[in-house]
Participant: 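Structure provided below as structure tokens; questions to follow.
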Amino acid sequence: LWPWLLASSGLSALVQLVTLPFFPDSPSYLLIQKGNEEACRKAIRKLWGEGDHQAEIDDIMKEKGAMASTKTLRVLEVLKERSLRWQLYILMTVMTTLQLCGINAIYFYSFEVFHTAKFEEYLIPYVSLGVGLCECLSSILCSTLIDRFGRKVLLWGGYSLMCSVLALLTMTLSLQHRFFWMHYFSVILIFLFVVFYGIGP
């Protein structure tokens, strides 16, 4: 079953590869990068149907004017630019915490936790699949929550809950040989960690 599951991702890639030539180019790409207004209008008509789309073309032209007045900075210039310093710090912090948040360790050791929790050998891959499905569903949920609460709240909340879950998981893994139910609590915590990761970072 697993080879078929892995091959299924290739099916979606194949569909995209076959259908991609039939999609029009982006109108903004055609107008801003290529400077071809007629091709831009044709692409807009293909995407949005017939009608007066002058307002959309005017918006793209404004975007083109804004891009022309903006200086393109090299990497070293970005690092030296004082006005971009805080944005750079925030970006580096978010990316660093994303790499060090523990999600890779959770995925790596989850099989062992499920095995210790006395799950049948043939069930463990399906439980692992459930963990991945939880991350997928929580990411979809995040897309609806982000408009209501904002990115900052979800980041703070996600990381705080993930830290709490990791602390509890460390405790349950340490006590799993003393209490039989700790194994199952560890499995629940793994699922919660993945959900909070999907919603937050």
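Positions are given from 1 along the sequence.
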Participant: Here's a test for you: under side chain to side chain contact (heavy atoms under 4.5 Å, CB included), which of Leu161, Leu189, Ile106 qualifies with Leu166?
Facilitator: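 Result: among Leu161, Leu189, Ile106, Ile106 is the only option passing the side chain to side chain contact (heavy atoms under 4.5 Å, CB included) with Leu166.
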
Participant: For side-chain contact (heavy atoms from CB on, under 4.5 Å), just list the numbers for Glu121 and His115, CA-CA rounded to whole Å, side-chain angles, deciding distance to a tenth of an Å, and then say yes or no.
Facilitator: CA-CA 7 Å; Glu121 197 76 31; His115 187 73; 3.4 Å; yes

Participant: Rounded at 0.5 Å granularity, tell me how far OH in Tyr126 sits from CG in Leu133.
Facilitator: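 The OH atom of Tyr126 sits 14.5 Å away from the CG atom of Leu133.
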
Participant: Within this structure, what is the OG-CG distance for the pair Ser160 and Leu155, rounded to the nearest 0.5 Å?
Facilitator: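 One gets 10.0 Å once the value is rounded to the nearest 0.5 Å.
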
Participant: Can you tell me if Glu77 uses its side chain to pair, donor with acceptor, with the backbone of Arg74 under 3.5 Å?
Facilitator: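 Looks like yes, one N/O pair under 3.5 Å.
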
Participant: Is there a path from Leu47 to Ile60 through hydrophobic residues (I, L, V, M, F, W, Y) whose side chains come within less than 4.5 Å of each other?
Facilitator: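 Yes, same cluster.
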
Participant: State the CD1-NE2 distance between Ile188 and His183, to the nearest 0.5 angstrom.
Facilitator: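 It is 13.0 Å, given to the nearest 0.5 Å.
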
Participant: State the CD-CG distance between Glu37 and Leu30, to the nearest 0.5 angstrom.
Facilitator: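 The CG atom of Leu30 is 11.5 Å from CD of Glu37, to the nearest 0.5 Å.
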
Participant: Between Glu135 and Tyr107, does any side-chain donor sit less than 3.5 Å from a side-chain acceptor?
Facilitator: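 The criterion, which ignores hydrogens and geometry beyond distance, is satisfied for Tyr107 and Glu135.
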
Participant: Same cluster or not: Ile57 versus Tyr29, using hydrophobic residues (I, L, V, M, F, W, Y) connected whenever any side-chain heavy atoms lie under 4.5 Å apart?
Facilitator: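 No, Ile57 does not connect to Tyr29 through the hydrophobic network.
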
Participant: May I ask you to test the Leu154-Cys142 pair for a side-chain heavy-atom distance under 4.5 Å?
Facilitator: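 In contact.
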
Participant: State yes or no: do Val113 and Phe108 share one hydrophobic cluster built from I, L, V, M, F, W and Y residues joined by side-chain heavy-atom distances below 4.5 Å, directly or via other members?
Facilitator: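 Result: no, two separate clusters.
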
Participant: Please tabulate, for the side chains in residues 190-201, all donor-acceptor contacts under 3.5 angstrom to protein atoms that are two or more places apart in sequence or on a different chain.
Facilitator:
none

Participant: Say you draw a straight line from OG of Ser186 to OH of Tyr109; how long is it, rounded to the nearest 0.5 Å?
Facilitator: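 Taking OG in Ser186 and OH in Tyr109, the distance rounds to 14.5 Å.
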
Participant: Distance-only criterion, 3.5 Å: show the donor-acceptor pairs between side-chain atoms of residues 86-102 and protein atoms not counting sequence neighbours.
Facilitator:
from: Thr93; atom 1: OG1; to: Tyr89; atom 2: O; distance (Å): 2.7
from: Thr96; atom 1: OG1; to: Met92; atom 2: O; distance (Å): 2.6
from: Thr97; atom 1: OG1; to: Thr93; atom 2: O; distance (Å): 2.9
from: Thr97; atom 1: OG1; to: Val94; atom 2: O; distance (Å): 2.9
from: Thr97; atom 1: OG1; to: Tyr159; atom 2: OH; distance (Å): 3.0

Participant: Could you tell me if the side chain of Met182 sits less than 4.5 Å from the side chain of Arg178, heavy atoms only?
Facilitator: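 Side-chain contact under 4.5 Å: no.
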
Participant: Are Glu38 and Lys42 within salt-bridge range, i.e. N to O under 4.0 Å?
Facilitator: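 Here Glu38 does not pair with Lys42 in a salt bridge, since their nearest N and O are not under 4.0 Å apart.
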
Participant: What do the steps show when you test Glu81 against Arg85 for salt bridge (charged side-chain N to carboxylate O under 4.0 Å, His left out), and what is the final call?
Facilitator: CA-CA 7 Å; Glu81 183 64 45; Arg85 198 70 53 84; over 6 Å; no

Participant: To the closest 0.5 Å, what do you measure between NZ (Lys64) and CD1 (Ile32)?
Facilitator: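 With rounding to 0.5 Å, NZ (Lys64) is 7.5 Å from CD1 (Ile32).
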
